[in-house]
Amino acid sequence: MPITNPAIRTRFAPSPTGFMHVGNLRTALYEYLIAKSLGGTFVLRIEDTDQERYVEGAVDIIYKTLKTAGLVHDEGPDIGGDYGPYVQSERMDLYKPYAEELVKKGHAYYCFCSKERLASLHKDGGVEGGYDRHCRDLSEEEIKKNLDAGIPYVIRQKMPLDGETTFHDCVYGDITVQNKELEDQILLKADGYPTYNFANIIDDHLMKISHVVRGSEYLSSTPKYNLCYEAFGWDIPTYVHLPLIQGKNEDGTVSKLSKRHGSTGFEDLVAQGFLPEAIINYIALLGWCPKDNQEVFTLDELSKAFDISGISKSPSVFDYDKLEWFNGEYIKKMTEEEFIEFAKPELSKFPMITPDLYPLFTEIMQPRITRLPQISEKLAFLLELSDYDLELYVHKKSKTTKESSLEMLNIVLPMLHEIEWTKDSLSECMTGLAEGMGVKNALVMWPVRIAASGTAVTPGGAVEVMLLLGKEESLKRIESGRQRLSAALS
RNA sequence: GGCCCGUUGGUCAAGCGGCUAAGACAUCGCCCUUUCACGGCGAAGACAGGAGUUCGAUUCUCCUACGGGUCACCA
């Protein structure tokens, strides 16, 4: 998709934790869609300012996820761009001067408080805003003395003590908070690294990000961002805060989506047989609704239809059932070639399903599965005939009994020996028999299918089961069923 | 606890002062049928509660309840 509006720039700024939570992925998706729907640029920036949380290979997971999800970025660490570097740890020298500029302007200050002192503040409880602003009004001399003495320091933002701050969010509207509620948050850590919040502001500004899109958990720190932008005299970006994704607990309550609700990582979902397109389609609709209520979307269609006004404010519950439905829809849309390719890993477990059987395999499996692993579950009977219960031969609706089943098998078995093993001849053989005897098809089909499969439910009917099994194995199994019935009834 | 945000069927959700309150998933029933699916048809199921504003509130305001988020030298 061509970039037609250079002023529109969004960014996905994950920290490399080694795991792509679907919540993060949805944020990335919306950032991508906002940019693309407006003809803008989608930027990838890696936020690795936390040295202690570095995870080997985590950045590769981010690239890989975005790639398989189809969220192609226009600028990023791997492809460059005019606003690099795109990895925060490579921009380290950049932040400190900005923090110092704020100190000079009187919007920030040096803080020499030890971690121990802060910890005791928190423990004693009740300190407004988490910090008592102990160092806020140190004299020039004291600051110089401490600096010269090499006492470690951080730089904190100096919040106004009174008044209020209002910001506008595209989703939540105007939000106002009292300035006295705002903490003098740390901008620059003692190790010289910026905090996430500060690095974000600087990078978003420098990278000319027009729309800051992020989860609603950042709503409460946004006023602090604005005060910072204003202190620098910078334009404030357009904010788009997204509602959270929650998970349903066993007791029916909901809470932030986490492992205990099931898989929440993109990779995990894919490993379970969910298609990237289905995952993307589903999460696009978790918190956003198109004007016309369309449900199934390609990424390209989403890029055209997406509109910020369709984003909802209330949190939504991740529904695995609906994801499953989407997955089934995407599977049903595949061509035979695509389906076979998709099913390859499962297909390899069934040597009897030779390429000449692929059309049949596709015909019976494609409409029946919503996830890949279901193939081997539904076809397990092919590999081994279970020691099934003879009661399976009794089916009320088909009016079959063990006696009728034995009778039918006795009649049909010799006939099957004689015929060609094709769909038409098998079908004609059995329906012809039923017709000749003046009975319902099911009366002969049911026992044949049970004997051949040993299971009550199979994808496809007797004909399909026998075709997959092959003539030799089918006859063997039916003969076995016949003998067991015969022994049981005599 | 302070502050901020939210609340339409089990779930996702449309709605933006006047509707028999859409649609989708899930559930249930019927049809199709060689079991199960697919497909088709149909059913059940919701505006958290209370005050206002208004001729009229799901929609606007306030309060209550409930849910969530946030209060780190994490991001």
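Residue numbers begin at 1 in each chain, while the letters A, B, ... track the order of the sequences.
- Across all strands, K248(A) comes closer than 4.0 Å only to sugar-phosphate atoms, never to a base (heavy-atom distances).
- At the heavy-atom level, G460(A) lies under 4.0 Å from base atoms of the strands shown.
- The base-pairing partner of U34(B), taking Watson-Crick or G-U wobble contacts with both distances under 3.5 Å, does not exist among the strands shown.
- OP1 and OP2 of G68(B) both lie 4.0 Å or more from every side-chain N or O belonging to S216(A).
- Residue K440(A) is out of contact with every strand shown, counting any heavy-atom pair closer than 4.0 Å.
- Using a 4.0 Å heavy-atom criterion, one finds that E324(A) contacts no nucleic acid atom at all.
- In this structure, the side chains of R133(A) and R156(A) stay at 4.5 Å or more apart for every pair of heavy atoms.
- Using a 4.0 Å heavy-atom distance criterion, V254(A) is classed as a sugar-phosphate-only contact.
- Set against U35(B), A75(B), C3(B), the side chain of V177(A) has C3(B) as its closest nucleotide.
- Checking C16(B) for Watson-Crick or G-U wobble geometry (two distances, each under 3.5 Å) identifies no partner in any strand.
- Residue P243(A) is the one, among K378(A) and P243(A), whose nearest nucleotide of RNA chain B lies closer to the 5' end (criterion: closest heavy atom).
- The shortest distance between side-chain heavy atoms of F342(A) and F339(A) falls below 4.5 Å.
- Using C1' as the reference atom, A46(B) and C19(B) are 15 Å apart when rounded to the nearest Å.
- Rounded to whole Å, the separation between the C1' atoms of A48(B) and C66(B) comes to 8 Å.
- Distances were taken from every side-chain heavy atom of L118(A) (C-beta onward) to each of G39(B), C73(B), G6(B); the shortest belongs to C73(B).
- Between T431(A) and the phosphate of U34(B), there is no side-chain N or O to OP1/OP2 separation shorter than 4.0 Å.
- Salt bridge R136(A)/D184(A): present, at least one basic N to carboxylate O contact under 4.0 Å.
- On the C1' atoms, C32(B) is 43 Å away from C16(B), given to the nearest whole Å.
- If you check G67(B) for Watson-Crick or wobble pairing at under 3.5 angstrom, you find it paired to C5(B).
- Contacts of S312(A) with the nucleic acid, taken as non-hydrogen atoms under 4.0 Å apart, involve only primed sugar atoms and P, OP1 or OP2.
- When each of U70(B), U35(B), A26(B) is scored by its nearest atom to the side-chain atoms of D321(A), the top-ranked nucleotide is A26(B).
- Proximity of M408(A) to V448(A): side-chain heavy atoms (C-beta onward) are nowhere separated by under 4.5 Å.
- Applying the 4.0 Å criterion to OP1 and OP2 of U34(B), one finds that N441(A) has a side-chain N or O inside that range.
- Remark: K313(A) is not in phosphate contact with G67(B), judged by side-chain N or O atoms under 4.0 Å from OP1 or OP2.
- Taking the six-membered ring for Trp, F306(A) and Y30(A) have ring centres closer than 6.0 Å.
- Side-chain proximity of S314(A) to A13(B), U7(B), G68(B): nearest is U7(B).
- Annotation: G9(B) and A26(B) have their C1' atoms spaced 12 Å apart (nearest Å).
- For the C1' atoms, the distance from G50(B) to A65(B) is 10 Å, rounded to whole Å.
- Among the atoms of the strands shown, base atoms are found under 4.0 Å from some heavy atom of E295(A).
- Side-chain to base pairing of K322(A) with A24(B): one donor and one acceptor N or O lie within less than 3.5 Å of each other.
- Going from the C1' atom of U8(B) to that of G49(B) covers 15 Å, rounded to whole Å.
- Listed pair K189(A) / C74(B) meets the phosphate criterion, a side-chain N or O lying under 4.0 Å from OP1 or OP2.
- For U35(B), the base has a donor-acceptor partner in the side chain of R449(A) [N/O atoms by modelled type, under 3.5 angstrom].
- Of the candidates U34(B), U35(B), A75(B), the closest approach to any side-chain atom of A462(A) belongs to U34(B).
- Screening N226(A), D169(A), T222(A) against Y239(A) for a side-chain hydrogen bond (donor to acceptor under 3.5 Å, both in side chains) leaves a single residue, N226(A).
- Between the side chains of E164(A) and T176(A), not a single donor N or O lies within less than 3.5 Å of an accepting N or O.
- When distances are taken from the side chain of W325(A) to each of C5(B), A13(B), C25(B), the shortest belongs to C25(B).
- If you take atom C1' in A72(B) and the same atom in C62(B), they sit 36 Å apart, rounded to whole Å.
- Using a 30° and 60° split on the angle between ring planes, F19(A) and H21(A) fall in the perpendicular class, above 60°.
- Candidate nucleotides A14(B), U11(B), U34(B) were compared by shortest atom distance to the side chain of V463(A), and U34(B) ranks first.
- Searching all strands for a Watson-Crick or G-U wobble partner of U61(B) with both distances below 3.5 Å returns A51(B).
- Comparing the P positions of G1(B) and A43(B) gives an interatomic distance of 46 Å, to the nearest angstrom.
- Position along RNA chain B of the nearest nucleotide to I364(A) versus A13(A) favours I364(A) as the more 5'-ward residue.
- In this structure, a donor-acceptor pair under 3.5 Å is absent between the side chains of Y110(A) and N146(A).
- Base contact: Y218(A) has a heavy atom under 4.0 Å from a base atom.
- Taking atom CD1 of I311(A) as the reference point, atom P of G6(B) lies 15 Å away to the nearest angstrom.
- T458(A) comes within contact range of at least one nucleobase, with a heavy-atom separation under 4.0 Å.
- Using Watson-Crick or G-U wobble geometry with both donor-acceptor distances under 3.5 Å, G42(B) finds its partner in C28(B).
- Among the atoms of the strands shown, base atoms are found under 4.0 Å from some heavy atom of V154(A).
- Side chain N293(A) to base A22(B): a donor-acceptor pair is found below 3.5 Å.
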